[in-house]
Trainee: 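Sharing a structure with you now.
Throughout, a chain's letter reflects where its sequence line sits, starting with A, and its residues are numbered from 1.
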Amino acid sequence: MTPAGRREKLSELAPELLDQKKEKKTRERGLRELKNVGDNGVVMRFAPNPSGPLHIGHARAAYLNDYYVRQYGGRYVLRIEDTDPKRVEPENYGMILEDIEWLGLKITDVVYQSDRLDIYYSHCEKLLESGNAYVCTCDSAAFKTMKDNKKPCPCRDQTTEENMSLWEKMLDGTFPEGAATVRVKTGIDLPDPAMRDFSIFRIVETPHFRTDARVYPMMNFSVVIDDYLLGITHVVRGKDHIANTRRQGFIYDYLGWKQPEFYHYGRMSIGGLVLSTSAIKEGIRTGQYSGWDDIRLGTLRAIARRGIQAEAVRNSMIDIGIGQTDIVFSWENLFAENKQIVDPVANRYFFVTNPVKCSIKGAPSVTAKAFLHPNDESRGCRALDFNGKLYAPGDEIRDVSMVRFKDLFNVKIGNEGEKPSFEYSGDSLEDARKEKSPIIQWLPEHGHIKCTLMTPEGKTEGICEETVCNEKDRVVQFERVGFARIDSVSDSGIVAYFAHR
RNA sequence: GCUGAUAUAGUGUAGGGGCCAAUCAUGCCGGCCUUUCACGCCGGCGACUGGGGUUCAAAUCCCCAUAUCAGCACCA
């Protein structure tokens, strides 16, 4: 029974089921509800540290939080966590902002932690004064040994006055880097070693280009202060922070503050890809990668360059959701999302690899018309002139006796001695179908341009239609090859980056 | 080692005691449509980690095992 017949039959038997079916189809993707959402919606945050541009892992955090802000309304705070002078570089700030722009996040507030050191200091002093923190001057390795054996270090018993004076010495430069740290008193005999008297401030002598401090808060401290002061209501972050959440709980308690709601999603590994910023940096330095947007990388700028749309990334991330299961990121699924977005808009063009110039005997000179998009004829056609000769894909005219050049005509392929010969064989599409001739792409003798198709595996040289020059920065579909973003157009030809089939 | 988390088709997800011989997407296979091996449409394939327990009833609750992951940094 044909699909139409089925539908007709169903409408006779049970018309209400037709609607049901449609409903299923349009089911929209979504995430689970958040707990304790107030009348004013939510305040969420995205908090990258500026050690490099954003990558696909950041996109998950960014979009998950973004989703809820859009869902419930409220504010979305971008917080630049730049409290490690050793890992912040000026150019990264700009790249992060660009990446966020590309992602299309609904950011409402932007704060830099390096602007807020005084706030952290004053709250640290509160903890010191209430006896919930102390300045530890032990060697870090020695402390670790004591901590591992549930033994308190001598500094733990210092008086408030002693702690305050040591704190002053941290700030005024008396202590060199590494000589002192502030610890929260959580309990040195806690069953979980990760909870025991962890550090909340340290001395770093490396200069910071945005501030001239030498004492910096540790993430577990600054995050608590900021989340509370900025009114963050819900935090969605990776499960690598699950211990941090519990650590931060101590600080919330000591300060008498209520915690936001926390959600921790599972680890996401990205198959066959270098994500570590330090490794990428090294690769760029040695010339192994062309830059942060080298298409072999998982940075957002790299996947953007390949023609992956931000919306496709968003859909993928929402689809993955906030489950705590560890997952393997699927390029396949991302590509499918991207295709859904890009297919209706991408113009179609011919791309020919390994081009072979063919003279077609007995063929009339014609101008072929091919739709820019087969499902939207209103967009018009490309015109491809044929004047006796054309370029055919070398690999596809071997071992066949007849082909149809798409939108042109049929050609019989014979073998005269060593060289194949080509003979016009009519315009009839039916004939080609009858013969089961492959329908293949081709390019005019004049009116084509060199085109290099870049893929993560390497480059493919070929030629494509001249008018592709007008598609710079857009995604096109090279028929039977796949979708690609036109990256550059010059006299020497076109460079396109392959996205996916 | 200690602490904690998680385990549903190849991949990602839904389902949180009976409506589950388990959802949806992707993938793969077959068909239809088509001057692309695209898109669209139709059909099919494919999974509850294992073992105990609770219960009339367990993918769902409990315990154990196994596996994986995370944290135990003066990084974030």
Side-chain angles (χ1 to χ4, degrees), chain A residues 1-4 6-7 24-25 27 29-30 32 47-51 81-84 86-87 113 136 138-141 143-144 147-148 150 177-183 190-196 198-204 215-216 218-220 222-223 237-247 264 266-269 271 315-316 318-321 323-337 339-340 342-344 346 348-350 368 370-371 373-376 404-410 427 429-430 432-433 438-441 477-483 501:
Chain A
M1 197 183 284
T2 65
R6 268 189 217 107
R7 201 164 299 125
K24 232 179 189 177
K25 275 239 104 77
R27 186 190 75 115
R29 70 188 92 224
R32 75 167 69 133
N49 79 302
S51 59
E81 304 206 329
D82 55 350
T83 51
D84 182 0
K86 290 180 174 156
R87 295 216 301 167
Q113 290 194 318
C136 174
C138 296
D139 173 72
S140 62
F143 179 84
K144 178 177 162 48
K147 179 208 72 179
D148 287 344
K150 301 187 178 179
E177 183 166 322
T181 186
V182 182
R183 297 184 182 283
L190 258 18
D192 184 350
M195 293 303 125
R196 297 171 195 160
F198 59 88
S199 174
I200 54 172
F201 275 89
R202 62 170 181 159
I203 299 166
V204 187
V215 173
Y216 291 89
M218 305 302 291
M219 173 261 235
N220 278 315
S222 53
V223 160
R237 57 177 173 178
K239 77 172 187 186
D240 47 322
H241 287 298
I242 204 153
N244 290 325
T245 297
R246 289 199 297 134
R247 284 200 265 224
H264 299 99
R267 187 190 137 93
M268 181 169 85
S269 69
N315 290 346
S316 281
I318 301 305
D319 192 45
I320 287 168
Q324 298 194 47
T325 321
D326 296 336
I327 61 152
V328 179
F329 175 78
S330 162
W331 290 103
E332 205 175 60
N333 291 354
L334 205 218
F335 291 159
E337 294 290 354
K339 192 191 275 183
Q340 205 172 16
V342 127
D343 183 85
R348 269 52 174 178
Y349 293 98
F350 291 169
F371 290 120
H373 197 292
N375 301 343
D376 181 8
R404 179 176 180 84
F405 289 112
K406 185 164 180 275
D407 301 306
L408 192 63
F409 47 57
N410 308 330
D427 296 340
L429 181 59
E430 280 63 44
R433 288 217 167 112
I439 296 172
I440 62 174
Q441 279 63 41
Q477 188 204 45
F478 287 133
E479 293 188 19
R480 285 167 67 245
V481 174
F483 294 91
R501 296 216 47 155

Trainee: Ignoring backbone atoms, establish whether A/K239 has a side-chain N or O less than 4.0 Å from OP1 or OP2 of B/G4.
Mentor: no
Trainee: Atom CD of A/Q340 to atom P of B/G12: distance rounded to whole Å?
Mentor: 20 Å
Trainee: From C-beta outward on A/E81, which listed nucleotide comes closest to its side chain: B/U35, B/A76, B/A5?
Mentor: B/A76
Trainee: Quick one: is A/T83 getting a side-chain N or O under 4.0 Å of the B/A76 phosphate, OP1 or OP2?
Mentor: yes
Trainee: Under 3.5 Å for both donor-acceptor distances, Watson-Crick or wobble: does B/A14 have a partner, and if so which one?
Mentor: none
Trainee: Counting any heavy atom closer than 4.0 Å, what does A/G321 reach on the DNA or RNA strands: base, sugar-phosphate only, or nothing?
Mentor: nothing
Trainee: Taking A/D240's backbone N and O only, do any of them form a donor-acceptor pair with A/R267's side chain (distance below 3.5 Å, no angle check)?
Mentor: no
Trainee: Could you tell me which nucleotide pairs with B/C45 by Watson-Crick or G-U wobble geometry, both distances under 3.5 Å, or answer none if nothing does?
Mentor: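 Result: B/G27.
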Trainee: If we count only N and O atoms by modelled type, under 3.5 Å, do the side chains of A/N244 and A/H241 hold a donor and an acceptor together?
Mentor: yes
Trainee: Identify the two heavy atoms, one from A/A346 and one from A/H373, that lie closest to each other, and give their separation to 0.1 Å.
Mentor: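 Minimum heavy-atom contact is O-CD2, 3.3 Å.
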Trainee: Could you give the CG-to-P distance, from A/D376 to B/C39, as a whole number of Å?
Mentor: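 Value for this atom pair: 17 Å.
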Trainee: Check every strand shown and say whether A/N333 touches a base, only sugar-phosphate, or nothing at a heavy-atom separation below 4.0 Å.
Mentor: base
Trainee: B/U6 pairs with which nucleotide, Watson-Crick or G-U wobble, both distances below 3.5 Å?
Mentor: B/A67
Trainee: With distance as the sole test, does A/R404 use its side chain to make a donor-acceptor pair with the main-chain N or O of A/D427 at under 3.5 Å?
Mentor: yes
Trainee: Look at the side chain of A/I327 and decide which nucleotide, out of B/U11, B/G12, B/G4, has an atom nearest to it.
Mentor: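 Output: B/G12.
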Trainee: Relative to A/F201, does A/R183 satisfy both conditions: NZ or CZ under 6.0 angstrom from the six-membered ring centre, and within 45 degrees of the ring's axis?
Mentor: no
Trainee: Taking the minimum atom-to-atom distance to the side chain of A/N49, which one of B/C74, B/A76, B/G71 wins?
Mentor: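 In terms of side-chain proximity for A/N49, the closest of B/C74, B/A76, B/G71 is B/A76.
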Trainee: Whom does B/C74 pair with, Watson-Crick or G-U wobble, provided both distances fall under 3.5 Å?
Mentor: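 None - no nucleotide pairs with B/C74, as no candidate has both distances under 3.5 Å.
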Trainee: Are the charged groups of A/E81 and A/R87 less than 4.0 angstrom apart, N to O?
Mentor: no
Trainee: Give the rounded distance in Å between these two atoms: CG of A/D192 and P of B/G71.
Mentor: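 Value for this atom pair: 12 Å.
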Trainee: Which nucleotide wins on minimum distance to the side chain of A/R404, given the candidates B/C39, B/U35, B/U6?
Mentor: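 Minimum distance to the A/R404 side chain belongs to B/U35.
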Trainee: At 4.0 Å (heavy atoms only), tell me whether A/M218 reaches a base, stays on the sugar-phosphate, or touches nothing.
Mentor: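 Sugar-phosphate contact only - A/M218 comes under 4.0 Å of backbone atoms but never of a base.
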Trainee: Select base, sugar-phosphate, or nothing to describe what A/D84 touches, counting heavy atoms under 4.0 Å on all strands.
Mentor: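 Contact class for A/D84: sugar-phosphate only.
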Trainee: At 4.0 Å (heavy atoms only), tell me whether A/R247 reaches a base, stays on the sugar-phosphate, or touches nothing.
Mentor: sugar-phosphate
Trainee: Is there a donor and acceptor pair, one atom on the side chain of A/R501 and one on the base of B/A38, closer than 3.5 Å?
Mentor: no
Trainee: Check if the side chain of A/E332 and the base of B/G12 share a donor-acceptor pair of N or O atoms closer than 3.5 Å.
Mentor: no
Trainee: I want to verify the glycosidic state of B/G31; is it syn or anti under the 90° rule?
Mentor: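 What B/G31 shows is an anti base, its glycosidic angle lying more than 90° from 0.
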Trainee: Which nucleotide, if any, forms a Watson-Crick or G-U wobble pair with B/G40, using both distances under 3.5 Å?
Mentor: B/C32
Trainee: Would you say A/K147 reaches B/A73's phosphate, i.e. side-chain N/O to OP1/OP2 under 4.0 Å?
Mentor: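 Checking A/K147 against B/A73: at least one side-chain N or O falls below 4.0 Å of OP1 or OP2.
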Trainee: Provide, to the nearest angstrom, the distance between the CZ atom belonging to A/R480 and the P atom belonging to B/U34.
Mentor: 19 Å
Trainee: Should A/K144 be listed as having a side-chain N or O under 4.0 Å from OP1 or OP2 of B/A73?
Mentor: yes
Trainee: Name the nucleic acid region contacted by A/H241, choosing base, sugar-phosphate or nothing; use a 4.0 angstrom heavy-atom cut-off, strictly under.
Mentor: base
Trainee: Looking only at side chains, do A/T181 and A/S199 share a donor and an acceptor under 3.5 Å apart?
Mentor: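 Result is yes, a qualifying pair exists.
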Trainee: Could you tell me whether A/Q477 contacts a base, only the sugar-phosphate backbone, or nothing, with contacts defined as non-hydrogen atoms closer than 4.0 Å?
Mentor: base
Trainee: Please report the distance, rounded to the nearest Å, between CZ in A/F478 and C1' in B/C37.
Mentor: 17 Å
Trainee: So, is A/R267 close to the B/U68 phosphate, meaning a side-chain N or O under 4.0 Å from OP1 or OP2?
Mentor: no
Trainee: With a 3.5 Å limit on both atom pairs, tell me what B/U55 is paired to, counting Watson-Crick and G-U wobble, or say none.
Mentor: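 Pair assignment: B/U55 / none.
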Trainee: Regarding B/U26, can its base be found pairing with the side chain of A/E337 as donor and acceptor, where the two atoms are less than 3.5 Å apart?
Mentor: no
Trainee: Report the distance from atom CG of A/N375 to atom C1' of B/C41, rounded to the nearest whole Å.
Mentor: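 Between C1' of B/C41 and CG of A/N375: 13 Å.
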Trainee: Is A/S140 touching bases, backbone alone, or none of the nucleic acid, heavy atoms closer than 4.0 Å?
Mentor: base
Trainee: Could you check whether A/L429 gets within reach of a base, just the sugar-phosphate, or nothing at all, counting any heavy atom under 4.0 Å?
Mentor: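 If one applies the 4.0 Å heavy-atom cut-off, A/L429 turns out to touch a base.
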Trainee: Taking the C1' atom of each, how far is B/G40 from B/A47, in whole Å?
Mentor: 29 Å
Trainee: Classify A/P374 by what it touches in the nucleic acid, base, sugar-phosphate, or nothing, heavy-atom distance under 4.0 Å.
Mentor: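 It contacts base atoms.
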Trainee: Rounding to an integer number of Å, can you tell me how far A/H264 NE2 sits from B/G4 C1'?
Mentor: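 It is 11 Å, rounded to the nearest whole Å.
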Trainee: Check whether any side-chain N or O of A/R183 sits under 4.0 Å from OP1 or OP2 of B/C74, and answer yes or no.
Mentor: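 Answer yes for this pair, as a side-chain N or O of A/R183 is under 4.0 Å from OP1 or OP2.
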Trainee: What's A/N244 touching, base or sugar-phosphate or nothing? Going by heavy atoms closer than 4.0 Å.
Mentor: base
Trainee: As a test of reading the structure: which of B/U36, B/C72, B/U68 is closest to the side chain of A/D326, going by heavy atoms?
Mentor: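 Within the option list, the nearest is B/U68.
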Trainee: Provide, to the nearest angstrom, the distance between the CZ atom belonging to A/R196 and the P atom belonging to B/C2.
Mentor: 12 Å
Trainee: Kindly point out which of B/U6, B/C74, B/U35 is positioned nearest to the side chain of A/D407?
Mentor: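 So the side chain of A/D407 is nearest to B/U35.
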Trainee: Looking only at side-chain N and O atoms, does A/R237 offer a donor or acceptor that is under 3.5 Å from a partner on A/T245?
Mentor: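 A/R237 and A/T245 do have a side-chain donor-acceptor pair below 3.5 Å.
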Trainee: Which part of the nucleic acid, if any, lies within reach of A/F483 when heavy atoms closer than 4.0 Å are counted: base, sugar-phosphate only, or nothing?
Mentor: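 Sugar-phosphate, no base atom in range.
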